[in-house]
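Some notes on the structure that comes next.
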Amino acid sequence: MDLLDDDAPRGNQPEYSVSEISGAVKRVIEGEFGHVRVRGEISRVSRPSSGHLYFDLKDDRAVIAAVSWKGQAARMSVRPEEGMEVIAIGRLTTFPGQSKYQLIVEDIVPAGAGALMVMLEKRKAALAAEGLFDAARKKPIPFLPEVIGVVTSPSGAVIRDILHRLRDRFPRRVVIWPVAVQGERCAPEVAAAIAGFNAIVPGGPVPRPDLIIVARGGGSIEDLWGFNEEIVVRAAAASRIPLISAVGHETDTTLIDHAADRRAPTPTAAAEMAVPVRMELLAWAGEQGARLTRAMRQRQDLRAQRLADLSRALGRPETLLDPARQRFDNWTDRLGPALLAAATRKRAGFNATAARMQPGLLTGFIGRERRLLADRAGRLMPALARLARDTARDCARQRGEVGQLAARQSTAMRQRFDKLCERLSVLDRMRLTLGYTETLRRGYAVVRGEDGLLTTKAAAEAAGTFEIEFQDGRLPATAGPVARPRKPKGDPPPPFQGSLF
C-alpha cells in the first residue's frame, strides 16, 4: 500500500479540537486537585504593577508555576521572598493559552521555624546594612516624661500591667493607641500608630507623647512575626520620639528591638524604664537637700573661723580713728574765730561800697537811658514810613506783572482752543469723506439683516426680511422671486415691489 494513499481506511476514534482537549484537561485537573497544600521553595518572584503575584514553587526534581491574584496577595500572612521554603495553599488549574498548569495560591505559611529564622536573618542583615540598627542614631530616654504613648492591644493584660506599674512608681499621663498585636493587621497598624504619635502637633487637643512604648505579651515566632516586618522596623527607626520596644518575654527577640532606642525584656520592665520610683526620687531629693544644708553650714563656719583668724592680725579700730578724731577737734577750735574774721572783712567791704553809692549816680544813669530811648524812638517812625512805601511799591509792581501773565495765559489758551477746533473740523471732514455715506451718494446701498450686514444673495434669501439704506433714508424689504415683465423702451420703470430677487 502506498503511504501517500488518501483512500486509506480511518479508525473509529473521535476527533477533538484543541479547545476541547484543553477544556477536558482543565476539568480533570481542577476536579482532582480542587484544594491542595504544596510544599516547596519559592523562586522567580515577580510583582507587576497590576498587584498580582507570580512565582515558582520547586524542589530538587520539579517546578510548578504559581500565581496569586491581587486580593489574595494582599491578605497573605507571610510575604513571599526568594529562597523561602513554604507551604502554599490553593488549587490547581490550567492556562490554555500556554498549554501549562499552574497553582492558584490563596495563602502561604512558612514550612517550619527554620525557614522563618532564615528569612528573619536575611531581613535583619539587609536592614542592618542600611544603618537602621546603628547605636549612633538611638535617642536617649527622657528621665521623667510628662506623656507616655503606648502601642498595644487595649484588651490584653499587657496594658493593665503597664498602667499598674506606672501608677506604683510614678503616675504619668498615658495615651493608648489600640492595635492588633497578631495576624495580618498587626504590622500596618503598629507602623501607623508609631507614625501617628509622631504626627501629633504639640499643644493640640491630643497631647504629644514624650516617650512611646510598643508592647506585646509573649508568644511563638509566628505570633510575634508582625514585629519583624520591614514597615514596623522602618517606622520605629524613623520615630522622632524615643521608643522602647517591649515585645514578648525576655528570651523573645524581634527586629523592632534592634531599631528601638531601648529594649525592655517585658512590658512591665518597659514601664520601669520609662519612669523612676517617685518615693525613691523624693527620698533622694531629701537626702540631697540635707547634704546641701550641711555643706552650706560647714562652709559658713569655715568662713567665720577664717575671718576671726584674719581679724586678729589687724589693729584695734580705735587706733585707726584717734588721729582723725584729733584733727577734727583742731579744726573745730579754729572754725569759730575764722568765721568771725571772715564776717568782719565782708562787712568792711560792704561799708566801703555803700559809701560810694549816692542818689545822683542813679539819677544820672536813668537820664542817660531815657535820652537814648527817645533818640531811638525818633528814628523808628521814619524807618517804618520808608518800609511802608517800599512795600506798597513792590506790591504795585507785582500786581502789574500778574496782570500781564494773566493776559498772556488767556491769549495762549484761546489760540490753543482755536487750533484744536480747526484740527477737529479737519478730522470730521476726513471721517465724512472716508465714511460709507459718501459711497451711498454715488449710488450704492447698504443691506442690513437682524444679525448684521448682508453681503451676499444667499444671506439675503436666508434672512427673509431685511432693511436697505440709501442716501436719503432706509427702506424695509423681503426676499423672494418676483416676475419682471418686459416693458417697451421709453416707458418709465415699474415702482419698487419690496423684493430684490
May I ask you to test the [X]-[Y] pair for a side-chain heavy-atom distance under 4.5 Å?
X	Y	answer
T93	Q102	yes
Q72	L53	no
R216	Q182	yes
E146	R172	yes
V86	L57	yes
I241	R208	yes
P188	I231	yes
L127	R234	yes

Report yes or no: does [X] contribute a side-chain atom to a donor-acceptor pair with the main-chain N or O of [Y] at less than 3.5 Å?
X	Y	answer
R137	A237	yes
D257	T254	yes
R448	E469	no
D261	L243	yes
S153	V181	no
D56	R44	no

- Message: Does Y54, at its OH atom, have more than 12 non-hydrogen atoms belonging to other residues, nucleotides or ligands within less than 6.0 Å?
- Response: yes

First locate atom [atom1] of [X], then atom [atom2] of [Y], and finally report the distance between them rounded to the nearest 0.5 Å.
X	Y	atom1	atom2	answer
L255	E121	CG	CD	8.5 Å
F55	L103	CZ	CG	7.0 Å
T411	M413	OG1	CE	10.5 Å
L224	C186	CG	SG	9.0 Å
I148	I244	CD1	CD1	8.0 Å
E20	E15	CD	CD	10.0 Å

- Query: Does anything in residues 189-205 pair up under salt bridge (Lys or Arg N to Asp or Glu O under 4.0 Å), and if so which pairs, sequence neighbours excluded?
  - Reply: R185-E189

Locate the shortest heavy-atom distance separating [X] from [Y]; write the atom from each residue and the value.
X	Y	answer
S68	M76	OG-CE, 3.1 Å
R173	P207	CZ-CG, 3.7 Å
T94	S22	OG1-O, 4.5 Å
I468	A445	CG2-CB, 3.8 Å
R262	I141	CG-CG1, 3.3 Å
S245	I256	OG-CG2, 3.4 Å

- Test F33 against V38 for side-chain contact (heavy atoms from CB on, under 4.5 Å), laying out the working first. CA-CA 11 Å; F33 303 97; V38 181; over 6 Å; no

- Query: Step by step, would you call T253 with H258 a side-chain contact (heavy atoms from CB on, under 4.5 Å)?
  - Reply: CA-CA 9 Å; T253 302; H258 301 282; 3.8 Å; yes

- Evaluation steps, side-chain contact (heavy atoms from CB on, under 4.5 Å), between I104 and W69: CA-CA 8 Å; I104 305 299; W69 307 125; 3.8 Å; yes

- Message: Please evaluate residues R39 and E85 with respect to the criterion salt bridge (charged side-chain N to carboxylate O under 4.0 Å, His left out), reporting the C-alpha separation (whole Å), side-chain torsions for both, the decisive distance (0.1 Å), and the verdict.
- Response: CA-CA 7 Å; R39 179 168 184 159; E85 185 176 359; 3.1 Å; yes

- For I89, the side-chain contact (heavy atoms from CB on, under 4.5 Å) test, sequence neighbours excluded, returns H35, R37

- Message: Set out, in order, the CA-CA distance, both residues' side-chain angles and the distance that settles salt bridge (charged side-chain N to carboxylate O under 4.0 Å, His left out) for E229 and R123, then state yes or no.
- Response: CA-CA 9 Å; E229 293 293 345; R123 183 176 296 170; 3.5 Å; yes

- Partner residues of R393 under the side chain to side chain donor-acceptor pair (under 3.5 Å) criterion, sequence neighbours left out: D390

- Task: Before giving the answer on side-chain contact (heavy atoms from CB on, under 4.5 Å), spell out for V175 and F197 the whole-Å C-alpha distance, their side-chain angles and the decisive distance to 0.1 Å.
- Result: CA-CA 9 Å; V175 179; F197 273 136; 3.9 Å; yes

